[in-house]
Number of protein chains: 6
Amino acid sequence: MTEDPFADPLQRPRYTGIPTLMRAPHTEDPAEADIALVGVPLDGGVTNRPGARHGPREIRNQSGLMRAFNPANRINPYELCRVRDVGDALIRRPFRLEDSLDDIEAFFREVHAAGAVPISAGGDHSLTLPIFRAIAADRPVGMVHFDAHCDTGGPRWGSAVHHGAPFKVAVEEGLLDPARTVQIGIRGATAEPDAWRFSYESGMRVITMDEFHGLGVEKTIAEARRVAGDGPTYISFDVDGLDPVFAPGTGTPEVGGYTTHEAQLMLRGLRGLDLVGGDVVEVAPPFDPSGNTALVGATMMYEILCVAADALAARRPDSPSDPR
Amino acid sequence: MTEDPFADPLQRPRYTGIPTLMRAPHTEDPAEADIALVGVPLDGGVTNRPGARHGPREIRNQSGLMRAFNPANRINPYELCRVRDVGDALIRRPFRLEDSLDDIEAFFREVHAAGAVPISAGGDHSLTLPIFRAIAADRPVGMVHFDAHCDTGGPRWGSAVHHGAPFKVAVEEGLLDPARTVQIGIRGATAEPDAWRFSYESGMRVITMDEFHGLGVEKTIAEARRVAGDGPTYISFDVDGLDPVFAPGTGTPEVGGYTTHEAQLMLRGLRGLDLVGGDVVEVAPPFDPSGNTALVGATMMYEILCVAADALAARRPDSPSDPR
Amino acid sequence: MTEDPFADPLQRPRYTGIPTLMRAPHTEDPAEADIALVGVPLDGGVTNRPGARHGPREIRNQSGLMRAFNPANRINPYELCRVRDVGDALIRRPFRLEDSLDDIEAFFREVHAAGAVPISAGGDHSLTLPIFRAIAADRPVGMVHFDAHCDTGGPRWGSAVHHGAPFKVAVEEGLLDPARTVQIGIRGATAEPDAWRFSYESGMRVITMDEFHGLGVEKTIAEARRVAGDGPTYISFDVDGLDPVFAPGTGTPEVGGYTTHEAQLMLRGLRGLDLVGGDVVEVAPPFDPSGNTALVGATMMYEILCVAADALAARRPDSPSDPR
Amino acid sequence: MTEDPFADPLQRPRYTGIPTLMRAPHTEDPAEADIALVGVPLDGGVTNRPGARHGPREIRNQSGLMRAFNPANRINPYELCRVRDVGDALIRRPFRLEDSLDDIEAFFREVHAAGAVPISAGGDHSLTLPIFRAIAADRPVGMVHFDAHCDTGGPRWGSAVHHGAPFKVAVEEGLLDPARTVQIGIRGATAEPDAWRFSYESGMRVITMDEFHGLGVEKTIAEARRVAGDGPTYISFDVDGLDPVFAPGTGTPEVGGYTTHEAQLMLRGLRGLDLVGGDVVEVAPPFDPSGNTALVGATMMYEILCVAADALAARRPDSPSDPR
Amino acid sequence: MTEDPFADPLQRPRYTGIPTLMRAPHTEDPAEADIALVGVPLDGGVTNRPGARHGPREIRNQSGLMRAFNPANRINPYELCRVRDVGDALIRRPFRLEDSLDDIEAFFREVHAAGAVPISAGGDHSLTLPIFRAIAADRPVGMVHFDAHCDTGGPRWGSAVHHGAPFKVAVEEGLLDPARTVQIGIRGATAEPDAWRFSYESGMRVITMDEFHGLGVEKTIAEARRVAGDGPTYISFDVDGLDPVFAPGTGTPEVGGYTTHEAQLMLRGLRGLDLVGGDVVEVAPPFDPSGNTALVGATMMYEILCVAADALAARRPDSPSDPR
Amino acid sequence: MTEDPFADPLQRPRYTGIPTLMRAPHTEDPAEADIALVGVPLDGGVTNRPGARHGPREIRNQSGLMRAFNPANRINPYELCRVRDVGDALIRRPFRLEDSLDDIEAFFREVHAAGAVPISAGGDHSLTLPIFRAIAADRPVGMVHFDAHCDTGGPRWGSAVHHGAPFKVAVEEGLLDPARTVQIGIRGATAEPDAWRFSYESGMRVITMDEFHGLGVEKTIAEARRVAGDGPTYISFDVDGLDPVFAPGTGTPEVGGYTTHEAQLMLRGLRGLDLVGGDVVEVAPPFDPSGNTALVGATMMYEILCVAADALAARRPDSPSDPR
């Protein structure tokens, strides 16, 4: 603790000051960060309701409610590594989705080159594709994917990339290992019977809400850990995996999802995986005047931050054997 | 699939076009429909908050998010039968509840005479009474009834019919078979200890929230199926059976209900019953600026549509034995 | 009056039925319309807040409050011509702005070829450009333009077209006659001193809010009529010309605009111009849970409909000399 | 000032305590009041959006912001007479509009018999009819009527009484003197050209918004005073006379009305008329989550209270000549 | 039942009349009450979002939906004792938190001296401290405490009392017996690892959400009863113990709490404890335009009322042995 | 213009990045600023609705819509001086109003000592007092004060300072020259006839809304300039001076104020005064889910910034004679 408690932004009243992600220090140089918190103000890839471009700013606002120490797993990420808000991925050409994704990729290439692990606040789900292009170019990653939709659909409305398709493209580009991918919370009617065929055929593990209902949280965690295994793994958390009452501010709500507490337990259950990045996507504040969706998004981002900081600390050469 | 994917309204962007229920084709002739989707813009029977007259329109709006194929039970209702939005039951005399109910009855008599199975979007719960008068005049029906309230109360404020009483009147008129009626989700304080006495004394099966909490979803389904049996059965889904966080836009919210996922599982569990109609009632949009109540209502209506289409297909002379 | 008053949708309760623009009959064939009401669900051209893609649907919803006869100028457009809702301009490629505009143009070419005068509900302001491409290909039109912004800006973020630029491009393509263009309500800070230089240099008449404050409504009308003259003229009404309290649901609100009553008076004051089309744009419902923006948009669209129907009637060979 | 400032509810923090109208003492005995503030929770007479039944309670809530002394005209109504909240007119039969109106009439007959001048918070505009039946049975009253609609329409949907018709019925029953009636703010399209014919033919003075725009506030006041004259006069203030931005929470909003400040000036300008009652109607809180409509309603009610208290004081035998 | 059903406010339409807590009769004399319902409009002790000062009024409003008889435990509190709304604890010096607490204490001393059991609607959680000072001065009480936070923190920002600290101070002042205190629902990150150390070190029983998830409702109830034992016990229900979707309108929301139904079951499970008071706190209506938080607050208050009335009846000398 | 247009935050998409006031660079060192933009997250001085502590953050958010160049007066403040967001005045003791004001004073003393002119975003109106203590200690300032209330009231609820009293205290402390103070927009009922007596007796110029209505904007400007004269002058803009429809998110709304356009014209009319600081206060976002109040606040702050930058430039020794 510092002498002047107010010197630490995390000790100031939470409604004060210029809002950064988690109240972390802001820097434009990712080399100052071990974990880089990034905003990605994109919604050019949505097929229904836009608004996720406003997600990063509102998550910044609500993340002021986050604190340092997580009693549930006794992790304080700020003691384990340098956490910084490196600002927003600058999208220079917003009027074409493909160009926007290229701009995002360029930003994350800088973050990745600087050695920082990115945890992003979106933004629509197509943003995960350029992140993969930036951080998984040399070897595919595995993924624990929370979502109502598999997002492995084919081309739509003249475009192979959109927020329902990033993971099909990522597999095809060799960025994502389907055998190490698990998708949790899938549900909702689809336009065709085989809308998510690619997930099944490519070997992803799909856990529908009905299966989740039967498995329960603990067995779902075990299954996710089994699938992800020991390789480099990414966590992608689409807030529409939650029931819409927890996250009404999203582009494609699907009634009948899990609760925030179940999601927290699952995220904490991923501790020990070799995490190389994560994101919380599809927060569309205009559809939630209450602000709760962004609060939920910030909370999930904090949980990812905790396990990512723990993984990062574990990767250090001098990391002591963890007694937990 | 058609050659031009946009020729099918279900393939177009979901925020576009003139909203019909489920994006089904609109017709004013019920004979064109096997299943007639109907709006009933009534709230003259409420005892507390009005606004359900706006339910049909907002359910139309949100039902644009529904799609065709239900992965949970692999039913595509649009392949099984002709589904049409036949518009709203025209209420010509809204200033007297009794007259309004007569107008609704007249509309549903036409639908019934045309051979269409009605699935309605309400509207306050008193609307189920004139539907019964139209479709159950020749023999009583059974009912699976989702609600926080039994709606079997006595006369109130000078009227035997109101939204807390339709099922008492329906039994008394011989339209509803209490022995084949199950009521799920009952809770909340009452004005008198015997407020719902009629349900118990007439032989309905009342499953309170506390009993539901103990039984769980699967046993509740089994009990509902046991009670409804093989006879013609109606599903009446009052959104206040759900917890108010899932459906705040309703006239008489009661804290402490089931979740939308539980409701979806229960509705799907009714597959195989001999369904002759259904409704989703008490959606009052003015009390839910988020729109989630109408989205939930649309989703429940879609689930009812799926099992009703399945039942209708099963009743056909040429119905093959179902391989599923 | 008809025998059954309910046979006319305009006589039914206004919250009932399937919502079309102005409760006009729906047709997919523009040849059935003298005036074609069109929705344009576009927001790919915005530079700030998206959501205008939801404008057409919400304007449809609120336009149920519109009625037939306008006491202010004693016009009943439905008696003067066939008014139809021809649905939404189908955007087949929403992920690229340029492609979207081409799709819109194709739709309006059909409307124009069928001889119908289009009045559109948007949608972001870039949509007026493809409408001009469809209806002004053979000769430039004049325009009375209500807006906080001139929308004659240069290329931005890699694109010559966006919602701040349609009228520069339209002039450059020979579709819009700047000498017959008047822009009313301009205000707000700009990025550069010469942001709207093109308007001034091309010869448009720019009436800022400060000038409007001094002129008053009547002189502004006179000036608009003088500029537009006798040639074919289009009315483009961006709701951000109004003060944001009247239209908070818009993409780029600018504090300090005119009132809805002033706007109504100005629109009515354009009676007698040779109108060839009109639009109400930038209604972004997610930013206005009250629904008032869409109600305002519907009201302005009705006022445009009245003067357009009057103009259309006046153009008929058998048009009697108007005694007004 | 009292010794304990908190003994006077008007001196306590305004968000505290049990809300009564204007923080006036509550009594169930109208004989304790010179001016009886009454809630009328009715919306059975609306033709479009319901919700005005919640008006009285929300006006009670917001009226906590009202204070005692009106600097604009230096009236403190609480010093001039006994002002009491006598509760709500109890509607015992809400399921039929006609019966509801009879119940309201019975309540106001008691108030009138007790000698109290009623000022009411509604509630839909049909409530003014039973008030007239209670207080104008012995001689017709004049009226200054603020509204977007004349409310002198004919029978609709099977009922002669509804919220668009009370003043036609009132004239026909000899309760309202059309020659002493002025209607201010009339606007909006109508179903037929002669929708408000009765107003004109019966001799009411109709001031449309367009005329108001030309006259200005002062001349409108003069005209209202000229029409009302010296006889007993009632003020009926429908909040939809205001522009909807000031009162979005209402059943039939019409774009293009006057401002609240203009309304305040007009109400204050009625000082000196022989007021026998007043009301503020059509406050429908569900359509205004901001609460501003009810705040506006409370403010207008306070302004009416001031001039009514002044009139009441002036009628007293011992009333000194007023030096103002 | 009375002859005129409307004579009983609990039988009138629930949206009518002047709102008191639970529609109970209002009195300023606590001696008329066995159970005194009190509003405490305080938010001077919050560390984040204010607004709880508006809690009492909005709970009054929403508590109109409560009724008399609780079918879940067959208790009608109004038959067991005199329940009265005694108004708000008057805070005469709101600009200093310490002074405010003294004012609250003075009010509750009067209630306590009159022999009434207080059940309060808050108001931020610091209000429980002065209640304890008023009712537990002669012997410490036990407590069943529902909350996301232990509220046993140390001094903050120059003040030992604030809404995160009341129970530390209460233990130190000898008002609260930590060995008879159980805290249910604790979760959320904290500024320091030992933020809630005082709870553990003083001997309180802390049940975190994770533990609750494992225990389930029934075992949690058993544990709460074991801890509270036979001594005088207070129930303090902070609505932020619930998940924020059930109670978004609160000052310090923490994602991941229990449901309202779980809370109802727990409160009912406390029947038989020797209850001496209770409160529902941290309802901050400005952060929940839907009103659901206040509805939930009113419902929890009703559940507390039921078990408190039962306890009070059981304490009477003539209390028959309870056959239940 | 820079080579990379995105290097300038004012050229980036307005919904992106970390929000500072006006998108100005952030610094913690006021010596880097000629004009210091400051947030003051205070609401401990309110007498009614709290929430203004959230004003600075939401103004930051909405001020992203502001741009650089003001066409109305052709001022670009960023070219005239260094404008910086210096963060929030840190309130270390929020639980006592007096201590909070001392903390604010300390912050502004640093700003003042560094030579920066402060323009603040509040926060409740009591914050202007400590600003005066910091910047007017050596000589009193004049003030142009926009407000519905004079804020010159006496002690209330045990405190001489609160948001209705700062200017009485400021005069008594010799910080504010009443003879050079003008108050514009005063209205609303008061608790006593002489509530604002101090303003009149001390010699302030009070322009009520009624007088403003008669004067019009231009004469009001002239009067304000006459009163303020040539001495050092401060602008205090309470958003409740505006009509509540423009600024519903405020603590003490008073129906019947001026419009935003009128306010803009008045602020621009103050160009040439010797401005030494300014503020925009009483923005309480929780009472305005639309965000418009903060947008209005940001816009007024921008207008003050323009005239303050112009004044600052004019005070420079090398200031050329201004040709305007």
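Reckoned from all heavy atoms, side chains included, excluding hydrogens, waters and symmetry mates. Quick note on labels: first sequence line is chain A, next is B, and so on, each numbered from 1.
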*Asks:* Would you mind telling me which of Pro286(D), Gly51(D), Gly158(D) has the largest number of heavy-atom pairs within less than 4.5 Å of chain B?
*Replies:*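 Among the listed options, the one with the most contacts to chain B is Pro286(D).
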
*Asks:* Name the member of Arg92(D), Arg53(D), Arg49(D) that forms the most heavy-atom pairs with chain B at distances under 4.5 Å.
*Replies:*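 Among Arg92(D), Arg53(D), Arg49(D), the one with the most close pairs to chain B is Arg53(D).
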
*Asks:* Which class fits the ring pair His54(B) and Phe287(D): parallel under 30°, tilted 30 to 60°, perpendicular over 60°?
*Replies:*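 Judged by the thresholds at 30° and 60°, the geometry between His54(B) and Phe287(D) is perpendicular.
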
*Asks:* State which residue, out of Val161(D), Val46(D), Thr47(D), fulfils the side-chain contact (heavy atoms from CB on, under 4.5 Å) condition with Phe95(B).
*Replies:*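 Of the listed residues Val161(D), Val46(D), Thr47(D), the side-chain contact (heavy atoms from CB on, under 4.5 Å) partner of Phe95(B) is Thr47(D).
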
